[in-house]
Amino acid sequence: MPSDLTPNEYESPRGPRPAIVRPIIGEARPHDPYAAFRFGGFSLFTIGNLLSIIGRQMLAVAVEWEMYQRTHSATALGLVGLVIAIPVVTLSLPAGHLADRFSRKKIILISQIFSALTSVALALVSWQHLAIPQMSILRQGNGVLSALAAIFERHHPAFHFDDASIPIIYALLFIYGAARTFAWAARSSFFPSLVPRDAFANAVTWNNSVFQIGSVVGPAAKLMRPMSVTRLPVTEVGRPPAWRIDVHVAPASALFQKSPML
């Protein structure tokens with residue numbers, strides 16, 4: 001029997017189709033290039049981090065300049081980087097474990113104090129290196145360094161390791177690198193807690209930019225003319241001025257990162 005329903009009056013056995021709800025598109029917020037700096041904790045942390053990087057780069061240039069001036073050995077320059085890198089490789093995992101168990105801010109502050117003390121020791125060694133006695137262990141250290149240089153510089157035998165301060169400088173650099181390793185581990189895990197999630201990408205960008213700026217400003221500041229009566233470049237005045245700057249930079253960095261806003 002034919003149905004009396006028209007096509008428009010036909011009802012589907014599956015029921016009416018649900019209405020399609022279009023997504024609500026909100027207005028895009030304008031990009032804020034300084035979003036991370038709207039938070040005081042991140043601003044103070046960034047200033048302290050910048051000072052720390054500048055001091056570290058100035059110290060690295062000063063040490064390399066002095067080591068080459070005293071030894072005339074390219075191997076001595078390479079060992080500077082190696083001695084600083086060894087703590088990074090060997091202590092990164094323990095430093096990360098320590099940062100997860102204890103206060104990260106305290107670890108950063110203690111590391112900065114050790115960095116400042118190491119810079120004081122380096123300045124004293126650089127200043128009074130001729131007064132250091134030729135002890136047996138120092139002579140043996142110079143003998144090992146000279147043997148290493150003889151392996152890599154067979155065709156340039158002009159190097160000499162006769163200064164008693166050279167092994168001491170390498171030992172202090174190892175302590176300096178260890179302190180920086182613990183500070184780096186604590187700072188890396190402490191950094192994400194300073195800004196909310198929507199500003200984290202901007203904070204990462206600024207953190208990388210600050211590292212690049214400090215890496216350029218540090219060596220450049222080391223070679224600038226200091227504000228002194230002599231008006232001589234730092235390279236002519238000596239290395240201790242650069243270490244004295246790093247001694248002041250480390251506590252300043254610690255003070256910024258000790259703020260109650262962090």
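Counting begins at 1 with the first residue of the sequence. Just so it is clear, the structure is predicted and the values come from calculations on it, not from any experiment.
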Engineer: What verdict does the side-chain contact (heavy atoms from CB on, under 4.5 Å) test give for Gln112 and Arg180, after you've listed the backbone C-alpha separation in whole Å, the side-chain angles of each residue and the deciding distance to 0.1 Å?
Structural biologist: CA-CA 8 Å; Gln112 295 292 344; Arg180 292 294 185 180; 3.9 Å; yes

Engineer: Count I, L, V, M, F, W, Y as connected when their side-chain heavy atoms are under 4.5 Å apart, and connections chain through other members. Are Trp184 and Leu82 then in the same cluster?
Structural biologist: no

Engineer: Find out if a path of hydrophobic residues (ILVMFWY) with successive side-chain heavy-atom gaps under 4.5 Å connects Leu51 to Ile110.
Structural biologist: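 They do not share one cluster, since no chain of ILVMFWY contacts under 4.5 Å joins Leu51 to Ile110.
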
Engineer: Partners of Ser111 by side chain to side chain contact (heavy atoms under 4.5 Å, CB included), sequence neighbours excluded?
Structural biologist: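 Ser111 satisfies side chain to side chain contact (heavy atoms under 4.5 Å, CB included) with Ile107, Phe182, Ala183 only.
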
Engineer: Among side-chain atoms of Arg38 and Tyr34, is any donor-acceptor pair under 3.5 angstrom?
Structural biologist: no

Engineer: Can you name the closest pair of heavy atoms from Phe39 and Ala199 and give their distance?
Structural biologist: CE1-CB, 4.0 Å

Engineer: Taking Thr46 for its side chain and Phe42 for its backbone only, find out whether a donor-acceptor pair lies under 3.5 Å.
Structural biologist: yes

Engineer: Do you know which two heavy atoms are closest between Leu77 and Glu64, and how far apart they sit?
Structural biologist: CD2-O, 3.0 Å

Engineer: If every non-hydrogen atom of Phe174 is compared with every non-hydrogen atom of Pro87, which pair is closest and at what distance?
Structural biologist: O-CG, 3.6 Å

Engineer: Return the OG to CZ distance between Ser126 and Arg70, rounded to the nearest 0.5 Å.
Structural biologist: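 It is 5.0 Å, given to the nearest 0.5 Å.
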
Engineer: State, without any angle test, whether Ser115 and Arg56 hold a side-chain donor-acceptor pair at a distance under 3.5 Å.
Structural biologist: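 There is no such pair between these side chains.
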
Engineer: Closest heavy-atom contact between Ser119 and Tyr176?
Structural biologist: OG-CE1, 4.0 Å

Engineer: Just verifying a value: how many Å separate Lys106 NZ and Leu98 CG, rounded to the nearest 0.5 Å?
Structural biologist: 12.5 Å

Engineer: Might you confirm whether atom CZ of Phe114 has over 12 heavy atoms from other residues, nucleotides or ligands at distances under 6.0 Å?
Structural biologist: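 Incorrect, the count does not exceed 12.
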
Engineer: Under the ring pair (Phe, Tyr, Trp, His ring centres under 6.0 Å) rule, collect the residues that match up with Phe200, sequence neighbours excluded.
Structural biologist: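 Phe200 satisfies ring pair (Phe, Tyr, Trp, His ring centres under 6.0 Å) with Phe191 only.
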
Engineer: Kindly compute the distance separating CD1 (Ile84) from CG (Leu59), expressed to the nearest 0.5 Å.
Structural biologist: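 Answer for the CD1-CG pair, Ile84 versus Leu59, is 7.0 Å.
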
Engineer: For the atom pair CE (Met58) and CD1 (Ile53), what is the distance rounded to the nearest 0.5 Å?
Structural biologist: 14.0 Å

Engineer: Any chance you could measure Ser103, atom OG, to Ile108, atom CD1, to the nearest 0.5 Å?
Structural biologist: 8.5 Å

Engineer: Give the intermediate values and the outcome of side-chain contact (heavy atoms from CB on, under 4.5 Å) for residues Trp206 and Asn202.
Structural biologist: CA-CA 6 Å; Trp206 276 110; Asn202 183 259; 3.3 Å; yes

Engineer: Please name the pair of heavy atoms, one in Arg104 and one in Ala99, separated by the smallest distance, quoted to 0.1 Å.
Structural biologist: NE-O, 3.1 Å

Engineer: Which heavy-atom pair separates Asn142 from Phe161 by the least distance, and what is that distance?
Structural biologist: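 Looking at all heavy atoms of both residues, the closest pair is CB-O, 3.3 Å.
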
Engineer: Are Val63 and Ile168 connected, step by step, through hydrophobic side chains (Ile, Leu, Val, Met, Phe, Trp, Tyr) whose heavy atoms are closer than 4.5 Å?
Structural biologist: yes

Engineer: Mind checking side chain to side chain donor-acceptor pair (under 3.5 Å) for Thr118 and listing every partner two or more places apart, or none if nothing turns up?
Structural biologist: none

Engineer: In terms of hydrophobic clusters joined by side-chain contacts under 4.5 Å, are Phe159 and Val83 together?
Structural biologist: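 Linked, Phe159 and Val83 end up in one cluster.
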
Engineer: For atom NE2 of His160, decide whether the heavy atoms of other residues, nucleotides or ligands shown that lie under 6.0 angstrom number more than 12.
Structural biologist: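 For His160, atom NE2 is crowded (more than 12 foreign heavy atoms under 6.0 Å).
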
Engineer: Do Val80 and Phe152 belong together in a cluster built from hydrophobic side chains that touch within less than 4.5 Å?
Structural biologist: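 Different clusters: Val80 never reaches Phe152 through Ile, Leu, Val, Met, Phe, Trp or Tyr contacts under 4.5 Å.
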
Engineer: I need the Ile86 CD1 to Leu79 CG distance, nearest 0.5 Å.
Structural biologist: 9.0 Å

Engineer: Do Glu153 side-chain atoms and Thr75 backbone N/O form a donor-acceptor pair below 3.5 Å?
Structural biologist: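 Yes; at least one donor-acceptor contact below 3.5 Å.
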
Engineer: Please check if the side chain of Asp163 supplies one atom and the backbone of Thr71 the other of a donor-acceptor pair under 3.5 Å.
Structural biologist: no

Engineer: Is the number of heavy atoms from other residues, nucleotides or ligands within 6.0 Å of CD1 (Ile151) greater than 12?
Structural biologist: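 Buried by this count: over 12 neighbours within 6.0 Å.
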
